[in-house]
Amino acid sequence: MNGLQLQTLLPWLVALPLLAAVATVLLQRLWLCRWLSVALSAAQLALALTVLLLLPEQSDSAARRYALGGWGAPLGIDLYIDGFAALLLATTAAVGFLLSIYSGAYFNEADKAARFWPLWWLLMVALNGIFLAADAFNIYVTLEILGLSAVALVALQGSLPALQAALRYLLVGLLGSLCYLLGVALLYRAYGTLDLAQLALQAQAEPLSWAALGLITVGLLLKTALLPLHFWLPPAHSSAPAPVSAALSGLVVKASFYLLARFWLETLDTAATAGGLQMLGALGAAAVLLGSLQAIRARRLKLLVAYSTVAQLGYLFLLFPLAAPLAAGPGIAGAALDAVAYFIIAHACAKAAMFLAAGNIQRAAGHDDIERLQGIARRLPLSLLAFGVAGASLIGLPPSGGFIAKWLLLDTAIDSGQWWWAAVAIGGGLLAAVYVFRVLNLAFAGSSSTADALRMRRLRLPKTLSVSAFALALMTVLLGFNALWVLDLLDIGAPLSYLAGETP
Amino acid sequence: MTQDLIYSVCGIALFGIGLYGLIIVPHILQKILAVNIMGVGVFMLLVAAGHNPGGVSDPVPHAMVLTGIVVAVAGTALALSLVCRIGELQRDGADEEAAP
């Protein structure tokens, strides 16, 4: 294996889903679209895993960079990969693969299925593009592809509330991207480059870069739905079709968080102030508590899962105060990133499993009113098991990916002498237990009312739907056993490379 | 210097006006227009950043603005089609209520 191979694989991670999007538009036959998509998402998974396996051999950052068309950094657009990006790419491919299988069985109306596949593949293009981006303007373009395809996927449901949620999501998304673009324009004006690595070298702590970082942060926070800016997420995520909700909550919001982490800790770290880092952490802590409380009060199952996303996103923002260069040594900053990256992966699998299970319940019962779900476990044992296992990971019970992630987070919080963030993580876990067990209690206890039971007997759920939900839940458990391997990968060209004295 | 400063300040002012409109104005079409005004503000700032008095101006911001315009058109089109569909559904709903 030589270095050339890894570089030449990178553009295929963007090109493959793009070709798939075009192919699914052109192909008229639905079954062909469906099987082609499943086959291509398997190919994407194989590609992402190959990249992940090749990565440990590439310690040199030049070998992890690909210049599109051979133009090179200042003028051309580069793709760049490190351990963090590669793990997120692999997670996206793995969750995307299972969601593709699920979607193939989920959409039974021909027109919805025909519109779903091209949009789905565009979503994959945008996600892979964001994780590989090394250019600030290219990030804007991929963010817009992500936003537009996500909005169209939410609107696929076709009902009035779904369309209204999609429109609001679109306006918020456009506002977020424009704030981001204004920040990038200021950066270009100040430093004359768009390449993230060159910006990292040139950026200084001055008013213009503070303003740019502020605008970029507000734009990306809108897209990540951190607490005061989360108002659009619950309606959009809870009214989308089940596989779309799973992808939006599991993967899409993580993409903008990934960019925030890159800008704050790598590209514009010279402009990042300690106060700003602490404030992001405080907003995250507020999101954990208030999001969980809203989830406990939610009356619809999908709305509960969506509010749970608001809460879980809050944990990710604890990265900023814990990795703050002033408060922590290099070891602690690295550990904070490990914990949060693990959190992202574990949450992606768990939340996708949860939304698929909720989608199965909604389809079988004809509604997702929590109070009327009594005894549904008898009808849908596998889906409820998936919901339970995913819930255990969200709470942080062993053995699950969520447990390892929370353990790492607690460990880092205490090591860095900021025990109050550990208290937030524990409190959030307890609140998560309340809303997960509230659903499970009702589902397993009591008998379903006769009218609902009659309805359900007539509706048979395809096996694929419950099996793929369960497979995702199983992945969260497997993540609980393979922590070390994942964490080793993260150290390759980690975003916190400034701490190791390496220029990215 | 002063010339592109004027354009930059105007661009940021347009962005602010658009932002104000997006938050304050209740009508959805006006909100979509407000987003477009914000976009124009950003584009103006970018074009000003590429201005080079007495020399050849920097082409990179122009390429960015062109891309941005394409994205803005796509976003506006999606927003308008959503508004149309929502309007249709609301009319249908009102008709059903009117005719028992």
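Residue numbers start from 1 in every chain, and the chains themselves are labelled A, B, ... in the order their sequence lines are given, proteins ahead of strands. None of these values were measured; they are calculated from a predicted model.
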Trainee: Output the option from B:V83, B:V71, B:L46 having the highest count of non-hydrogen pairs under 4.5 Å with chain A.
Mentor: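 The answer is B:V71.
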Trainee: Measure A:L170 against the heavy atoms of chain B and call it side chain, backbone, both or neither at under 4.5 Å.
Mentor: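 Interface part for A:L170: side chain.
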Trainee: Please give me the minimum heavy-atom distance between A:R189 and B:S8, naming the atom from each residue.
Mentor: NH1-OG, 3.0 Å
Trainee: Would you say B:D4's side chain and B:H51's backbone share a donor-acceptor pair under 3.5 angstrom?
Mentor: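 Absent.
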Trainee: With a 4.5 angstrom heavy-atom cut-off, is it the side chain or the backbone of B:S81 that approaches chain A, or both, or neither?
Mentor: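 When you check distances to chain A, no heavy atom of B:S81 falls under 4.5 Å.
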Trainee: Do you know which of B:I12, B:I32, B:D58 has the most heavy-atom pairs with chain A at a distance under 4.5 angstrom?
Mentor: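 Maximum pair count with chain A is reached by B:D58.
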Trainee: Among B:A74, B:P61, B:G93, which has the most heavy-atom pairs under 4.5 Å with chain A?
Mentor: B:P61
Trainee: Using non-hydrogen atoms only, which part of A:L194 is less than 4.5 Å away from chain B: side chain, backbone, both, or neither?
Mentor: side chain
Trainee: Is B:E88 paired with B:R85 through a side-chain N to carboxylate O contact shorter than 4.0 Å?
Mentor: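 Yes, this pair counts.
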Trainee: In chain order, what residues pass the side chain to side chain contact (heavy atoms under 4.5 Å, CB included) check against B:D92, with sequence neighbours excluded?
Mentor: none
Trainee: Is it the case that the side chain of A:K223 and the backbone of A:V252 share a donor-acceptor pair, with hydrogens and angles ignored and the cut-off at 3.5 Å?
Mentor: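 No.
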Trainee: Pick one of side chain, backbone, both or neither for A:S177, based on which atoms fall under 4.5 Å of a heavy atom in chain B.
Mentor: neither
Trainee: If we ignore hydrogens and angles and just use 3.5 Å, is the side chain of A:T193 paired with the main-chain N or O of A:L199 as donor and acceptor?
Mentor: no
Trainee: Sub-3.5 Å donor-acceptor pair from the side chain of A:S209 to the main-chain atoms of A:Q204, do we have one?
Mentor: yes
Trainee: Quick check on B:I86 against chain A: is it the side chain, the backbone, both or neither that has a heavy atom closer than 4.5 Å?
Mentor: both
Trainee: Output the option from A:L160, A:L186, A:V184 having the highest count of non-hydrogen pairs under 4.5 Å with chain B.
Mentor: A:L160
